[in-house]
Amino acid sequence: MPSPAAVDAMLERERALFIQRNPHSRDLAEKAARNWLGGVPMMWMAEWATPYPLFIDKAQGITLTDADGNTYKDFCLGDTGAMFGHSPAPVAEALAREGAKGLTTMLPSPDAAVVGALLSERFGLPAWQVTATASDANRAVIRWCRGLTGRDKILVFNGCYHGAVDDTFVRLDDQGRTVADPGLIGEVHELTRTTKVIEFNDVAALEAALAPGDVACVLAEPVLTNIGMVLPDEGFHEALRELTRKTGTLLVIDETHCMSSGPGGYTRAHGLDPDIIVLGKPIAGGIPAAVYGFSEEVSARAAARITATPEGHSGIGTTLSGSAIQMGLMRVVLETYFTEETFAALNVLAERLEQGIAAAIARHGIDWHVVRVGARVEFMCCPKRPRNGGEAARVIHRPIDRAVHHYMLNRGLLITPFHNMLLIAPATTPEDVDRLVTTLEACMTELVQ
Ligand SMILES: Cc1ncc(COP(=O)(O)O)c(C=O)c1O
């Protein structure tokens with residue numbers, strides 16, 4: 001393992017280099033600080049590890065150009081929002097074409113019929129709804145699950161992230177107690193009363209938590225992807241399905257990140273059988289859009305519920321959801337990118353990246369490892385794969401991650417902040433992959449010296 005002194009030295013040098021390379025971004029950051037809370041239009045933009053935010057002038061394919069004219073190969077891709085690249089031609093053309101026809105009417109456009117059929121065909125569930133973001137979709141789904149089961153509790157896995165969704169911000173603390181996320185702002189409800197949280201891959205805990213029959217739904221990513229990547233144990237998804245079914249608990253699979261697995265997401269690639277699926281981020285090429293899909297049985301229950309519900313606000317649905325522009329873009333993205341051919345090509349390069357990093361790790365005898373979920377690759381600066389969110393939390397967000405991020409950024413390679421995720425897009429080339437591996441290896445060489 002690299003010494004803390006080597007990590008600190010690299011971080012300090014690379015931060016100085018960042019400042020030297022980005023004077024124009026610094027000017028913009030100073031100006032923006034006057035009128036934006038925290039200096040940025042959205043808080044997370046200030047949470048990258050850099051001394052100030054990098055201002056991006058242009059993003060095309062996987063190439064970013066910053067305000068100082070530096071270019072980067074982007075392996076972050078907007079943390080999945082631009083999974084198929086930045087404004088690829090089919091998306092840019094559709095945006096111009098659809099934009100000229102009117103953006104939103106609160107009535108369905110003809111594309112709605114096509115998109116519904118495409119979603120069903122790709123992801124295997126028959127009944128869909130559109131929202132503006134994956135956070136919105138998860139909130140709506142939780143509401144539906146409570147409404148359909150008459151139960152108020154939900155269950156999530158420790159270390160999960162499902163968007164800005166109050167119910168999911170519950171954690172296990174060091175003593176294994178259920179607590180609200182200490183970072184929450186403005187929380188008034190006692191979240192631990194209605195949210196159960198257990199460790200991923202813990203079948204015994206799952207059985208115990210569902211046994212009382214009071215949980216409306218389990219909301220789960222098929223692989224935890226927001227705390228490094230935590231893969232399911234052999235048989236875990238089968239147990240999850242069996243136990244949810246046995247206890248009348250709805251199973252919601254949030255594919256927002258794991259749809260990197262293939263044209264039908266992780267669900268189809270691994271034969272899962274959820275009651276509800278959530279898809280967000282890249283589903284409309286990067287404009288705000290997300291969808292959730294219901295199984296035949298859940299959609300029948302939802303239809304009956306709608307019929308039986310008196311007039312009034314359901315608490316589900318927002319004005320700009322299901323708009324013509326979302327439909328036009330989703331149609332293009334589903335037709336163009338959610339195909340076997342696209343994912344076959346992405347997987348070839350993702351495998352090259354995974355193997356390249358694994359070989360570099362082996363050559364240096366450094367205590368790291370690498371995992372892959374389709375087009376999504378993550379290296380973690382710890383020797384063993386964590387089996388759950390608690391284990392993962394203990395080994396990420398450390399100075400070593402920040403030093404590596406800076407090192408790569410100053411050499412024209414962007415990796416995802418908060419952890420070390422790398423996504424392959426259709427525009428990524430073998431040369432881009434090899435450049436990332438070589439640069440990461442040079443970084444390792446320096447760290448272990
Ligand atoms: C698994 C998962 N679900 C939902 C979301 C929320 O997406 P958004 O921020 O676009 O609402 C995220 C965001 O990172 C996510 O990782």
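These figures come from a predicted structure and were not determined experimentally. Remember, it's 1-based here, ligands and their atoms both numbered in the order they're listed.
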Which atoms of ligand 1 sit under 4.0 Å from any heavy atom of [X]?
{"X": "N138", "result": "3 (N), 4 (C)"}
{"X": "H257", "result": "14 (O), 16 (O)"}
{"X": "S135", "result": "6 (C), 8 (P), 9 (O), 11 (O)"}
{"X": "T133", "result": "11 (O)"}

Original post:
Do L422 and I357 come close enough that some side-chain heavy atom pair is under 4.5 Å?
Top reply: yes
Original post:
Between the side chains of T195 and K153, is a donor N or O closer than 3.5 angstrom to an acceptor N or O?
Top reply: no
Subject >> Region of N226 engaging ligand 1 - heavy atom pairs below 4.0 Å >> reply: side chain
Subject >> Within reach of ligand 1, part of V278 (heavy-atom separation under 4.0 Å) >> reply: neither
Subject >> Which residue and heavy atom of the protein sit nearest atom 7 (O) of ligand 1, plus the separation >> reply: A134 CB, 3.4 Å
Subject >> Closest protein heavy atom (residue, atom, distance) for atom 6 (C) of ligand 1 >> reply: G163 CA, 3.4 Å
Any N/O of [X] closer than 3.5 Å to an N/O of ligand 1?
{"X": "W44", "result": "no"}
{"X": "D254", "result": "yes"}
{"X": "K281", "result": "yes"}

**OP:** Assert yes or no for the condition that the ring centre distance of Y161 to F418 is strictly below 6.0 Å.
**Re:** no
Original post:
So, F123 versus Y292, ring centres under 6.0 angstrom or not?
Top reply: no
Original post:
Any idea how H237 and Y266 line up, ring-wise: parallel (<30°), tilted (30 to 60°), or perpendicular (>60°)?
Top reply: tilted
Original post:
Counting heavy atoms only, which of R139, H162, M42 is nearest atom 4 (C) of ligand 1?
Top reply: H162
Original post:
Which pair of heavy atoms, one from E221 and one from H162, lies closest together, and at what distance?
Top reply: N-CE1, 3.6 Å
Subject >> Pair R376 + E255, salt bridge at N-O below 4.0 Å >> reply: no
Original post:
Could you state the interatomic distance from CG (L11) to CZ (F18), rounded to the nearest 0.5 Å?
Top reply: 12.5 Å
